[in-house]
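Here's a structure for you.
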There are 2 protein chains.
Amino acid sequence: MALEHAILVSLSEKPSTGYDLARRFDASIGYFWTATHQQIYRVLAAMEGSGWVTSTLVPQPGRPDKKVYEPTAAGRAELAEWLGRPAEPERPRSDLAVKIRGVSDGDPAEVRREVARHRRLHAERLDVYLASEKRDFPPPAALEGRRLHQWLVLQGGIARERSMLGWCDLVLAALDSGSSGQRPDEGGVRA
Amino acid sequence: MALEHAILVSLSEKPSTGYDLARRFDASIGYFWTATHQQIYRVLAAMEGSGWVTSTLVPQPGRPDKKVYEPTAAGRAELAEWLGRPAEPERPRSDLAVKIRGVSDGDPAEVRREVARHRRLHAERLDVYLASEKRDFPPPAALEGRRLHQWLVLQGGIARERSMLGWCDLVLAALDSGSSGQRPDEGGVRA
DNA sequence: TTCCGCATGTAACCAGTTACATGATTAC
DNA sequence: GTAATCATGTAACTGGTTACATGCGGAA
């Protein structure tokens, strides 16, 4: 499982609470791995049990206490070992592709609308990534170490969104030219 | 869940046994949705329970009997309804990205080797897709109906693999130029 | 005789999702 | 007063993976 290891990477960048981790899994780390706070608290507890992390209770005035986690030596060793361990690429899984393959089994206009909606979502995500690149990183030539590695995974996200965008455009064009007289309306669709 | 619906799409293209479906989920459908035979038999049974498919036992000389499934009217209705139902894009999840973000926590050479290995796997998959495009499809202008839709999802797979390939190359280049004197050896690596 | 293809399944487990639950402080 | 932010969790469920199990026919 990669979640444990994603948490270890994140904690080795900076010791944090489960809450902090959850927020980072909604942002930067979430660009390539997602997890809810429930999942994070659960595996954090399990990881503490297996000795990969330790926690320190930090009382805060007028705020609930927080449990700050950091990796132990054993945790670091496990992470290092995992990094070298070969793993298979994820198995592709795309609801949208199933729907596209099934256009003939339903209302093509509805599927088209769904593709347009996804196109919009991917465009938005791409904007977020590009904004983060601009905001958080200097020109790539100047990058090294952890910053470089963070930038590299961001590039992976950017590439993925660009490719999804291009694919959605291809599908929309094909669905339009194929079927009757329905004209595109990407602009203001509000599924 | 999309597996039920992927099965419905596949059965509406052609009534099949669980075994047939499992093979198709290893090939064409597997380009965008994967499932093992265990999973397929399980949901097929459940779908028969909810009346989305019916099965006919077909005895075969000198072969085990086979159960040929096909969608019922209710199954077709459910599929049509699902096709128009909005669904969120998959949450990104990439082990490889976690490892890249973690290079500083392990042996960079090992992570590099893993990236090179993934590059090779994606190149192989791309070749499979391109071969299928060449073998199974006429020039796209001549396509329509189900064949067009199949071609469109294939294009999605091709785009995805190309984008992964480009990303792997970027990462490999960055890891090489950053670190000491290790020269690339993509060609013959055998992780 | 050994392996591969056809054909169907069960059982146990693991990971991820959704819903529920609590409670203080600060900003509007 | 109402909502958002900080902070931590439990419980039930769903979907996917891995391992195990069976048995025939044909090819090497």
Side-chain angles (χ1 to χ4, degrees), chain A residues 1-8 15-27 29-30 32-50 53 55-69 82 87-95 98, chain B residues 1-8 11 15-27 29-30 32-50 52-53 55-69 82 87-95 98:
Chain A
M1 188 182 35
L3 177 55
E4 272 113 335
H5 300 98
I7 288 177
L8 282 172
S16 319
T17 65
Y19 186 85
D20 286 336
L21 286 170
R23 272 187 315 163
R24 276 194 266 163
F25 274 84
D26 266 353
I29 300 177
F32 57 96
W33 201 274
T34 44
T36 58
H37 81 270
Q38 293 86 339
Q39 229 187 318
I40 290 165
Y41 283 118
R42 199 210 288 158
V43 322
L44 233 22
M47 287 166 80
E48 191 162 25
S50 40
V53 295
S55 62
T56 330
L57 262 185
V58 179
Q60 305 181 109
R63 298 237 141 252
D65 287 5
K66 59 183 180 178
K67 246 184 183 170
V68 177
Y69 288 90
W82 177 81
E88 292 317 299
E90 287 68 42
R91 299 176 183 187
R93 224 152 244 178
S94 164
D95 281 59
V98 177
Chain B
M1 185 180 39
L3 177 55
E4 271 114 337
H5 301 98
I7 288 178
L8 283 172
L11 290 181
S16 319
T17 64
Y19 187 83
D20 286 336
L21 286 171
R23 272 187 316 161
R24 275 195 266 161
F25 274 84
D26 266 355
I29 300 175
F32 57 95
W33 201 274
T34 47
T36 59
H37 81 269
Q38 292 88 340
Q39 228 187 318
I40 289 166
Y41 283 119
R42 199 211 288 159
V43 320
L44 233 23
M47 286 166 80
E48 192 163 25
S50 40
W52 294 0
V53 295
S55 61
T56 330
L57 260 185
V58 178
Q60 306 180 109
R63 296 236 142 253
D65 288 5
K66 58 181 182 180
K67 244 184 185 167
V68 177
Y69 288 91
W82 177 80
E88 292 318 298
E90 287 67 42
R91 303 182 180 181
R93 224 152 241 179
S94 165
D95 281 57
V98 177

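Residue numbers start from 1 in every chain, and the chains themselves are labelled A, B, ... in the order their sequence lines are given, proteins ahead of strands.
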Between C1' of C/dG9 and CG of B/Leu57, the distance in whole Å: 14 Å
Please give me the minimum heavy-atom distance between A/His37 and A/Ala22, naming the atom from each residue.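 A/His37 and A/Ala22 have their closest heavy atoms at CB-CB, 3.8 Å.
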Atom CH2 of A/Trp33 to atom P of C/dG16: distance rounded to whole Å? 6 Å
Any base atoms under 4.0 Å from B/Gln38, or only sugar-phosphate, or nothing? Heavy atoms, all strands. base
Tell me the interatomic distance from A/Met47, atom CE, to C/dA15, atom P, rounded to whole angstroms.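 After rounding, the gap between these two atoms is 12 Å.
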Ignoring backbone atoms, establish whether B/Tyr19 has a side-chain N or O less than 4.0 Å from OP1 or OP2 of C/dT8. no
In the structure I gave you, are the side-chain heavy atoms of A/Leu44 and A/Leu21 within less than 4.5 Å of one another anywhere?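 Touching, per the 4.5 Å side-chain cut-off.
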Contact check, side chains of B/Asp95 and A/Trp82, non-hydrogen atoms, under 4.5 Å: yes
Do A/Arg42 and C/dG16 have a side chain to base donor-acceptor pair shorter than 3.5 Å? yes
Is there a donor N/O on one and an acceptor N/O on the other, under 3.5 Å, for the side chain of A/Arg23 and the base of D/dT5? no
Do the side chains of A/Val53 and A/Glu48 get nearer than 4.5 Å, heavy atoms only?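 A side-chain contact exists here, since the closest heavy-atom pair is under 4.5 Å.
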Expressed as a whole number of angstroms, how long is the span from A/Leu21:CG to D/dC6:P? 14 Å
Find the distance B/Glu90:CD to C/dA15:C1' and express it as a whole number of Å.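 Interatomic distance, CD of B/Glu90 to C1' of C/dA15: 17 Å.
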What is the separation between atom CD on A/Gln60 and atom P on D/dT5, rounded to the nearest whole Å?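 It works out to 17 Å between those atoms.
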Candidate nucleotides D/dT17, D/dC6, C/dT17, ranked by approach to the side chain of A/Arg91 - the nearest: D/dT17
Side chain to side chain, A/Ile7 and A/Ile29, heavy atoms closer than 4.5 Å: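 They are not in contact (no side-chain heavy atoms under 4.5 Å apart), so the answer is no.
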A correct 5'-to-3' footprint of nucleotides 22-27 of chain C, with B, S and - meaning base, sugar-phosphate only and no protein heavy atom under 4.0 Å, is -B-S--
Quick one: is D/dT8 close enough that its OP1 or OP2 comes under 4.0 Å of any side-chain N or O from A/Tyr41?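 Yes.
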Under 4.0 Å between any heavy atoms, over every strand shown, what does A/Thr17 touch: base, sugar-phosphate, or nothing? Just pick one.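 Sugar-phosphate, backbone atoms only, no base.
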Round to a whole Å and report the spacing from CD of B/Gln39 to C1' of C/dC14. 13 Å
So, for B/Leu11 and B/Tyr69, which heavy atoms are closest and what is the spacing to 0.1 Å?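 Minimum heavy-atom separation between B/Leu11 and B/Tyr69: CD2-O, 3.6 Å.
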B/His37 NE2 to D/dT18 P, in whole Å, measures 13 Å
Need the bend value for the helix from C/dT1-D/dA28 to C/dC28-D/dG1: angle between end axes, 5 pairs each end, nearest 10°. 30°
Taking all heavy atoms of A/Trp33 and all of A/Ala2, pick out the closest pair and write down the distance. CH2-CB, 3.4 Å
Any idea which heavy atoms bring A/Ile40 and A/Gly18 closest together, and the distance? CG2-O, 4.0 Å
Are A/Asp20 and A/Arg23 ion-paired here, with the side-chain N under 4.0 Å from a carboxylate O? yes
Test A/Lys66 against every option in A/Val58, A/Thr56, A/Leu57 by the side-chain contact (heavy atoms from CB on, under 4.5 Å) rule and name the one that passes. A/Val58
Of the candidates C/dG16, D/dT18, C/dT8, the side chain of B/Thr36 sits closest to D/dT18
